[in-house]
2 protein chains.
Amino acid sequence: MSRCENCIIRQFNSLRAMNKEELKRVSDSKVTKTVKKGEPIFEEGEKLNGVYCVRNGISKLSKLSPNGKDQIVKLATRGEILGQRSVVVEESTNLSAVAVDDMELCFIPKECITDTISKNPNFTKEMLRHMAHELKEADDVIVNMSQKNVKQRMAEAFLYLKNNFGEDEEGFLRLTLSREDLSNVVGTATESCIRIISEFKKKGLLESSGKKIKIADFKGLQRLSESL
Amino acid sequence: MSRCENCIIRQFNSLRAMNKEELKRVSDSKVTKTVKKGEPIFEEGEKLNGVYCVRNGISKLSKLSPNGKDQIVKLATRGEILGQRSVVVEESTNLSAVAVDDMELCFIPKECITDTISKNPNFTKEMLRHMAHELKEADDVIVNMSQKNVKQRMAEAFLYLKNNFGEDEEGFLRLTLSREDLSNVVGTATESCIRIISEFKKKGLLESSGKKIKIADFKGLQRLSESL
DNA sequence: TAAAAAATATGATAAATGTCAGTTTTCATA
DNA sequence: TATGAAAACTGACATTTATCATATTTTTTA
């Protein structure tokens, strides 16, 4: 099994602030898991005994609203750590995590994290920074959700998918979400989501081939997402 | 001037994790400010040289959306600290803060905070906890904003006002927001906000006297905010 | 206190979005 | 490769919400 000490992914998250000893402990106690597309990693309300470090694949973090719909709050990719928040405050998760792709994850027992928080101020500082960053992003999402209309949010979602998950050699978005998942990111009905995609294609903002979607007019989407 | 060491307000925020020395330093370098209703404390995009601890009054934290409307992301009251996030990550604020009431604040230079973060792990841990809590709340707001309709969000807003700012002896909400501010909390047009208040009054969910609003049917508002 | 300005309120209407019902396409797998 | 299920799509329609115009009330200021 590969050792955390040598893991490149660590560079992308707070674990980079751990010292050799702490990393060794993580490495010795971690468990590698694979989760197939569509399967859950954990569910809203569950008590987590640790965090999950994403080695490969993408996970959707969502919360069930009282009306029965799932709102996707965040998409987490390679290097991100799931469940940090609830381990820090020692309460059950407020989000469910489901694999959007086939995934490979490392489960790290919570003691590894909480003990390091108590002993390594640099690690704590790093986590604090990270949390602060996530909070800012959440504020932005709140503003987008409440002040932009569905079309603008859809445009924004495609820009987000490009910026965060990139494009393949031919320019197609690397991450292909189902229309339903996309509508749960944007906070709209699946049918509306589908209609807007057709509209964007007609207007030359998007192109598609099979399930793959390509952004044809980045500036256009940007303009749309920002203006009334 | 009063000393932070004796300040009760400290109990409500991360400053309680400071030791005597650190508190003394804060006390010696803090500056008390008063801000009149409607005046700004800081503006979105500004570089903050410190944080503001709310001694009295209430502040709205908002962000301008590209369409020109202000979205109120949070209402901060006695004991809360404004500007923490941007001091931690050393970037400019993502939010504007404006006094909703006449306010009394203590300005604490950022060095007091950043130095304590470097030296006092307990303080850092406390801030981390706090940030984690705020993040959870932000997630909830995202779900509400995207999955609930305006009427449900209005109901929710009144419950929030009661739970966070309380009622006076006669049962009126302590915090009276203008219809415009309220619409910026809920993320709707002012006219819609007004209409829904009238509707709630007709249905016996709310009562009012002058500018003061009273929750007449708490359970009713709760039911409305949760079901379709 | 009178006048002006701001906040609140209401109606009419348009635009955005959701819902339901049904069709077509895609995909997994027997 | 045939077939059943899931996903994607489309149209018709209902509902929600925003916008604009205007009236009324409240608050501020001269």
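Just so we're on the same page: letters track the sequence lines, and every chain starts at 1. These numbers were taken from a predicted model, which means no experiment stands behind them.
- In this structure, CD1 of B:I194 is placed 11 Å from P of C:dA7, rounded to the nearest angstrom.
- The separation between A:R153 atom CZ and C:dA16 atom C1' is 11 Å, rounded to whole Å.
- Summarising the geometry of A:N94 relative to B:K136, their closest heavy-atom pair is ND2-CG, 3.5 Å, with the distance given to 0.1 Å.
- In this structure, B:E180 places its CD atom 7 Å from P of C:dA7, rounding to the nearest Å.
- The phosphate of C:dA7 has neither OP1 nor OP2 within less than 4.0 Å of any side-chain N or O from B:K211.
- Straight-line distance from the CG atom of A:N67 to the P atom of C:dT17: 17 Å, rounded to whole Å.
- Contact annotation: B:K69 side-chain N/O to D:dT19 OP1/OP2 distance is under 4.0 Å.
- Here D:dT16 presents its P atom at 7 Å from CG of B:N149, a figure rounded to the nearest Å.
- The residue among B:R195 and B:S178 whose nearest nucleotide of DNA chain C lies closer to the 5′ end is B:S178.
- Close to C:dT10, at under 4.0 Å from its OP1 or OP2, lies a side-chain N or O of B:S198.
- Distances shown here put a side-chain N or O of A:S192 below 4.0 Å from the OP1 or OP2 atom of C:dG18.
- Here CD of A:Q84 is found 15.0 Å from NZ of A:K110. Values are rounded to the nearest 0.5 Å.
- None of B:K60, B:K69, B:K37 except one satisfies the salt bridge (charged side-chain N to carboxylate O under 4.0 Å, His left out) rule with B:D181; the exception is B:K60.
- Between the side chains of A:S146 and B:Q71, at least one donor-acceptor pair of N or O atoms lies under 3.5 Å.
- Residue A:T190 places none of its side-chain N or O atoms closer than 4.0 Å to OP1 or OP2 of D:dA8.
- When B:K214, B:K162, B:K212 are each tested for a salt bridge (charged side-chain N to carboxylate O under 4.0 Å, His left out) with B:E167, only one passes: B:K162.
- Taking only distance into account, the side chain of A:E191 never meets the base of D:dC9 through a donor-acceptor pair shorter than 3.5 Å.
- Between the C1' atom of C:dC27 and the NZ atom of A:K37 lies a distance of 10 Å, rounded to the nearest Å.
- Look at CZ on A:R179: it is 19 Å from P on C:dT24, rounded to the nearest Å.
- In this structure, B:K202 places its NZ atom 7 Å from P of C:dT10, rounding to the nearest Å.
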